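Encoded as structure tokens, the structure appears first; notes follow it.
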Amino acid sequence: MDILSERINSLPVSATLEMASKARELKSKGVDVIGLSLGEPDFNTPEFIKQAAINAVEENWNSYSPVDGYADLKQAICKKFERDNKIKYKPSQIVVSTGAKQSIANVCMVLLNPGDEVLLPAPYWVSYSAIATLAEAKSVIIPSTIENDFKISPEQLEGSINSKTKLVMFNSPNNPSGTIYTKKELEAMGEILKKYPDVYILSDEIYEHINYGTPHFSIAGIPDLYDRTITVNGVAKAFAMTGWRIGYIGAPEWIAKACNKMQGQITSGANCIAQRATITALNEPITKIQYMIDEFAKRREIIIELLKDIPGIKLNKPSGAFYVFPDVSSYFGKVLNGKKIKNATDFALYLLEKAHVATVTGEAFGNGNCIRISYAASEEKIRLAIERISSALK
Ligand code: GLU
């Protein structure tokens with residue numbers, strides 16, 4: 001509509017949320033849809049965290065919090081960064097937000113000017129490019145292939161940098177591919193970035209703990225890059241707290257201050273009860289949530305085994321997160337049950353209509369050959385979903 005701003009008109013709808021909403025709509029009509037589109041743990045928030053929230057309600061934590069988060073939460077985040085990532089941040093370098101998505105949006109809003117370029121190693125999480133668009137910056141996609149485990153090379157990174165490049169967004173473990181860059185690989189990227197002191201780095205580490213064995217490495221741990229790296233994290237994925245909406249950054253103090261200013265005009269501090277519960281989540285040893293990671297690991301094996309048996313699907317083994325990102329391009333141009341499949345979007349829609357399984361098109365993640373399937377669902381649902389997909393593709 002013409003009356004709406006160009007800003008909103010140029011913004012794509014979030015493909016992950018759109019697919020989830022389509023699945024909900026079908027479900028409400030009585031269709032037995034299996035939702036494997038949204039990346040959200042199917043576990044309940046652990047009891048010890050729920051109890052902390054209940055205590056916070058009873059202790060009357062109901063007022064506005066400081067915009068950048070409670071002081072003791074910021075302390076807990078600093079301790080977490082030291083414990084898990086060996087990075088030292090002061091509380092003045094931390095900003096707590098309403099989910100890691102807001103953290104990312106804050107960073108983009110305070111760093112990007114119209115015309116700046118943002119490098120997105122693909123596949124990238126769907127909202128990166130949309131947020132860059134909102135900030136009037138241009139997304140520059142760096143492609144990867146399934147054969148390379150969806151990793152870009154340092155040479156590709158360097159080849160994409162020019163005088164307009166302002167920000168590069170890394171995401172390891174990656175949503176949607178599950179790829180984890182090793183310390184050595186990130187250090188090799190770091191060697192390139194050291195040569196370009198005007199380029200900032202956003203390292204989205206929200207899937208840090210959903211890791212099946214590759215040691216996690218934080219780019220801010222590279223001393224020469226610490227001063228221009230923003231580390232994003234949150235409690236949604238590891239602690240099954242997606243709806244609680246708590247994300248945070250560790251950043252150079254001047255960037256944290258700018259994000260605080262931005263947030264102060266848009267949302268103020270994040271939800272007070274969720275912040276109190278997050279202190280407990282972060283202060284407890286990470287072993288307390290290992291049971292969820294172990295379960296995801298089991299499901300990863302199951303879904304890979306099942307998908308392997310479907311002809312025409314190319315698959316790699318993700319090292320983290322809870323997604324598989326199969327290449328389904330061999331189906332493009334084919335007619336399935338009277339429906340022509342032109343691309344990954346058609347493929348995902350076909351699966352929704354015919355198999356009643358919700359997935360997400362890879363086009364939304366910058367790779368049009370693939371679809372994303374979340375295995376953050378029960379084993380029973382995964383088995384049934386893949387069985388249905390398999391028969392819909394026959
Ligand atoms: N990050 C999750 C996903 O990729 C949640 C949905 C969203 O915010 O996009 O599915």
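As the structure lists them, so they are numbered: ligands from 1, and atoms in each ligand from 1. In this chain, numbering begins with 1 at the start of the sequence shown. Hydrogens, waters and symmetry mates are skipped; everything else that's a heavy atom, side chains included, is used. Keep in mind it's a predicted model, so treat the numbers as computed, not measured.
Polar contact check, S127 against ligand 1: no nitrogen or oxygen pair lies under 3.5 Å apart. For ligand 1, the polar-atom distance check finds no N/O of V126 at less than 3.5 Å from any of the ligand's N/O atoms.
Near G39, meaning under 4.0 Å from any of its heavy atoms, are these atoms of ligand 1: 2 (C), 3 (C), 10 (O). Within ligand 1, counting atoms from 1 as listed, the ones closer than 4.0 Å to a heavy atom of K101 are 7 (C), 8 (O), 9 (O).
Ring to ring, F365 and Y323 are not that close: their centroids are 6.0 angstrom or more apart. Residues Y226 and Y89 bring their aromatic ring centres within 6.0 Å. Centroid-to-centroid, the aromatic rings of W61 and Y70 come within less than 6.0 Å.
At a 4.0 Å cut-off, at least one heavy atom of R372 sits close enough to ligand 1 to count as contact. Contact between Y323 and ligand 1 is present, with at least one heavy atom of the residue lying under 4.0 Å from the ligand.
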request  = Could you check E82 against K88 for salt bridge (charged side-chain N to carboxylate O under 4.0 Å, His left out), going step by step and ending with a plain yes or no?
outcome  = CA-CA 6 Å; E82 259 199 275; K88 274 199 191 330; 2.9 Å; yes
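The pair E387-R383 fails the salt-bridge criterion, with no side-chain N (NZ, NE, NH1 or NH2) lying under 4.0 Å from an Asp/Glu carboxylate O. Between E158 and K195 there is a salt bridge, since at least one side-chain N of the basic residue sits less than 4.0 Å from a carboxylate O of the acidic one. Under a 4.0 Å N-O distance rule, the pair K22/E25 does not qualify as a salt bridge.
When only non-hydrogen protein atoms are considered, atom 9 (O) of ligand 1 lies nearest to T16 OG1, 2.6 Å. Distance from atom 1 (N) of ligand 1 to its nearest protein heavy atom, with residue and atom name: K237 NZ, 3.2 Å.
Residue contacts with ligand 1 for L17 involve side-chain atoms from C-beta outward but no N, CA, C or O (heavy atoms, distance under 4.0 Å). Residue contacts with ligand 1 for N175 involve side-chain atoms from C-beta outward but no N, CA, C or O (heavy atoms, distance under 4.0 Å). The residue M19 has no part lying near ligand 1, judged by heavy-atom distances below 4.0 Å.
The environment of NZ in K79 is sparse: at most 12 heavy-atom neighbours from other residues, nucleotides or ligands sit within 6.0 Å.
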